[in-house]
Amino acid sequence: MNTDILSKAANQARGLAMDAVHKCNSGHLGLPLGSAEIGAVLFGEVLQCNPVAPKWLNRDRFILSAGHGSMFIYSWLHLAGYEVSADDLAKFRVLHSITPGHPEFHETPGVESTTGPLGQGVGNAVGYALSGKMAAATYNTAEHKIIDNHVFALAGDGCLQEGVALESISFAAHNQLDNLILIYDSNDVTLDAMADITQSENTAAKFKAIGWDVVTIDGHNLVEIEKAIKRAKKTDNGKPKLIIAKTVIAKGIPEVAGTAKGHGEGGAKFIDAARSGLGLPADEHFFVSDDVKAYFDDLKAKRSRLHKKWNRLFAAWAAANPEKAKQLDHARKDTIPADLIDTIPAFPTEGKSATRNSGGDVIQAVAAAVPHFITGSADLFGSTKNYIKNGGDNSVKNPTGRNIWFGIREHAMGAISNGIAYDGLWRISNATFLVFADYCRPSIRLAALAKLPVTYIFTHDSVGVGEDGPTHQPVETVSGLRVIPNLDVIRPADAEESAGAFVAALQRKDGPTLFSFSRQDLPIMGFLTAKERREGVLKGAYVAVKETATLDTILLASGSEVQWAVEAAKILGAGTRVVSVPCMERFDRQTTDYKATILPHHVTKRIAIEAGVTALWWKYVGLEGKVIGIDRFGMSAPGNQVFKELGITTEAVVAAAQA
Ligand SMILES: Cc1ncc(C[n+]2csc(CCOP(=O)(O)OP(=O)(O)O)c2C)c(N)n1
């Protein structure tokens, strides 16, 4: 390792961060300055990557979990030769730049995940590591090992204080993800204060007890950093690796270094002196010296050669294993059969079925049709019914298992699923009770923001849960999720709508889809064809019962309440239409014409019913309409009694229409 040039590069990376933060008058200097030597060893020596092919299958993944230190990754991507120019750095935090305030997936080549909400990146890294283990077990052969990369994450005190990180590190140890290397930027500072005001645990002992390998090093010593990383890379002992790097926050700006003032942009006012202290020219900003440039140019060429060598290995593997090669190609392209909607077997045309049970049938057909589709549950497979029957349990002994046991770690389940989705080799779904969606909500929000096609199979979706009572009865949850931009929430009314829900989710490539499945039985709507109901879901809303006289009343409902609207229509007479609304977001994306055919403007007598808060339904019923819902918490009693007690009934719909 060329320590002379790398320590020079570290100081120039410091300069890049200072210049960018100073120019836009905001951002964080603490981490980019404090972790500069870590960046130098990663991007200047040990990372297996190719800046001109940032999606190379066998690259090491690097996730900046401490996303506030975004200038760290932008500087190092720039220095390493990714498509992040000095001009891009100068546009840090500027509208439409590729260097947003916190790293965003899709925005910047080399950024592997959207981070900023602390702790999420640790979960994402665990997801990447699990995805890598599964991929290695699925695709490597004794002769050709095409996947042997590592996953790195850089996290600070803040990330490691968050519960999602703790859940994730337990999962990582239990699943023996020894391809994961977490570097802890341990600088004893958080935002408000020195870290000892809020933490006093022995992190090394904690991680060791959980099952990690731990080493503590001087985070400014290039040789120590390199040694720790190289050892971590070659130790395949079933343990994820924690490197505790003791660093000085904002190193390079003496006025604030080592203090909470160094965390943000506080040091920016001292940068002229700081830059000169680091040997950077006063008159040239975003400066990179010729020798540092030459070093990274050489390294880039070397990395390209390594990638080319791997390409030959990959070609030999593909020639020897055409079936595996085809599967990998489909997985990477996320190929979903165009006829998926027809390959899901039709359900009986009468009887009853809880949509969680129907979902449990549909998932078998989906898993058969889409080999890279996988699922998982937070210790609730028995209730959420999403177990892939011939998929096997994912475990250390069976890393190709398609059913992941997340444990009672909903938040980590969300963040790990995002990591798997970022990696793009598996189509991930996961499951818990709908009411616990709040435990995963920060990760769901990030999946939506990062356009990840994660599928959430959430069940027990209303007061219909019954005896477990208000703690387990979602009332605000469905609508609370509907307000997350780019998340599709589907609440099917019967078995065929559940089939449509899976098709909708699988077809979607640019965002997550969440199912709200019932615990209780719902009548099969055999008066409609399977095709009508499945395609109705894809449209978001459709006419379930068509009026037989002049239309005067529209009843809208979702999920378990569609049955009450259907019953009410029979009583209200020939001018009544029932619209099933399994997915508001899909419906809202339809053409104005389609929407007008479902909800003709001139019909203002509209009543919506849903066993949840009324808020969002007003947009469909208008101010002259009525919404029958539950704007309070539920109660512990058998589900049908709770529905009656809270007025979610056919009679309530009829009364509202006749009032
Ligand atoms: C979930 C979450 N809570 C709060 C914040 C606001 N925040 C950003 S950085 C930070 C302090 C983090 O401390 P540390 O990880 O030690 O970072 P360092 O001070 O070393 O840069 C806080 C509270 C956030 N980004 N995410």
Side-chain angles (χ1 to χ4, degrees), residues 462 475-476 478-483 485 488-494 497 500 516 523 525 527-528 532-533 535-632 643-644 646-659:
S462 75
V475 284
E476 81 291 13
V478 175
S479 283
L481 290 160
R482 286 178 179 139
V483 300
D488 281 2
V489 178
I490 306 184
R491 188 162 183 261
D494 81 344
E497 282 200 10
S516 165
M525 302 197 291
F527 53 87
L528 292 165
E532 282 167 329
R533 283 169 283 168
E535 289 180 355
V537 174
L538 300 183
K539 294 275 192 195
Y542 65 103
V543 176
V545 177
K546 186 148 172 61
E547 66 282 358
T548 50
T550 306
L551 177 62
D552 57 45
T553 306
I554 300 177
L555 307 178
L556 300 98
S558 83
S560 47
E561 286 66 66
V562 174
Q563 58 181 311
W564 312 130
V566 170
E567 288 307 310
K570 289 180 191 158
I571 299 167
L572 290 169
T576 304
R577 167 184 292 196
V578 176
V579 175
S580 176
V581 190
C583 182
M584 291 185 176
E585 300 77 17
R586 282 189 161 259
F587 183 57
D588 292 348
R589 292 199 293 269
Q590 300 306 319
T591 60
T592 314
D593 282 355
Y594 178 77
K595 286 188 249 189
T597 59
I598 304 300
L599 302 176
H601 298 296
H602 68 278
V603 185
T604 54
K605 190 168 159 195
R606 301 177 182 192
I607 294 142
I609 177 167
E610 185 178 66
V613 296
T614 51
L616 292 178
W617 287 94
W618 292 101
K619 69 175 167 177
Y620 299 129
V621 300
L623 292 178
E624 289 170 55
K626 287 197 178 126
V627 183
I628 299 164
I630 306 176
D631 287 309
R632 51 156 289 172
F643 277 124
K644 271 206 184 94
L646 296 175
I648 304 299
T649 59
T650 301
E651 295 73 42
V653 180
V654 172
Q658 289 171 345

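Scope of the values below: all heavy atoms of this structure, side chains included, with no hydrogens, waters or symmetry mates. Since the structure is predicted, the reported quantities are computational estimates derived from the model, not experimental observations.
Ile490 CD1 to Ser558 OG: the interatomic distance, rounded to the nearest 0.5 Å, is 11.5 Å. The distance from atom CD of Glu476 to atom CG of Leu481, rounded to the nearest 0.5 Å, is 9.0 Å. Rounding to the nearest 0.5 Å gives a distance of 4.5 Å between CD1 of Ile554 and CZ of Arg606. Rounded to the nearest 0.5 angstrom, Leu556 CG and Ile628 CD1 are separated by 11.0 Å. Remark: Glu535 CD to Lys539 NZ distance equals 8.5 Å, nearest 0.5 Å. Between the CZ atom in Phe643 and the CD1 atom in Ile630 there is a gap of 6.5 Å [rounded to 0.5 Å].
Side chain to side chain, Tyr542 and Glu497 meet the donor-acceptor criterion of an N or O pair below 3.5 Å.
Under the 4.5 Å side-chain criterion, counting only non-hydrogen atoms from C-beta, Phe527 is in contact with Val545. Between Val543 and Ile598, the closest side-chain pair of non-hydrogen atoms falls below 4.5 Å. Within the 4.5 Å cutoff, side-chain heavy atoms of Glu585 are placed close to those of Val489. Contact of the Ile609 side chain with the Leu555 side chain is not registered, since no non-hydrogen atoms from C-beta on lie closer than 4.5 Å. Within the 4.5 Å cutoff, the side chain of Val581 has heavy atoms near those of the Trp617 side chain. The shortest distance between side-chain heavy atoms of Val578 and Trp564 does not fall below 4.5 Å.
More than 12 heavy atoms of other residues, nucleotides or ligands lie within 6.0 Å of CD in Gln658, so this atom counts as buried by the packing criterion.
Contact between Gln590 and Arg586 at its shortest, heavy atoms only, is NE2-O, 3.1 Å. Contact between Ala568 and Thr650 at its shortest, heavy atoms only, is N-CG2, 3.5 Å. Summarising the geometry of Val621 relative to Val627, their closest heavy-atom pair is CG2-CG2, 3.7 Å, with the distance given to 0.1 Å. Between Ala541 and Tyr594, the shortest heavy-atom distance links the atoms O-OH, 2.7 Å. In terms of heavy atoms, Glu561 sits closest to Ala611 at OE1-N, 3.0 Å. The shortest heavy-atom contact between Ala657 and Leu572 is CB-CD1, 3.5 Å.
With Ile571 as reference, Val654 is the one residue of Val654, Thr576, Val653 to meet the side-chain contact (heavy atoms from CB on, under 4.5 Å) rule. Just one residue in the list Ser462, Ser580, Pro582 forms a side-chain contact (heavy atoms from CB on, under 4.5 Å) with Arg491, and that residue is Ser462.
When the side-chain hydrogen bond (donor to acceptor under 3.5 Å, both in side chains) test is applied to Arg482, the partners found at least two apart in sequence or on another chain are Ser479, Glu610.
Under 4.0 Å is where a charged nitrogen must lie from a carboxylate oxygen, and between Glu547 and Arg577 at least one such pair does.
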Walk me through it: do Phe587 and Leu599 pass the test side-chain contact (heavy atoms from CB on, under 4.5 Å)?
-> CA-CA 11 Å; Phe587 183 57; Leu599 302 176; 3.9 Å; yes

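With Asp552 contributing its side chain and Lys605 its backbone, the two residues share no donor-acceptor pair below 3.5 Å.
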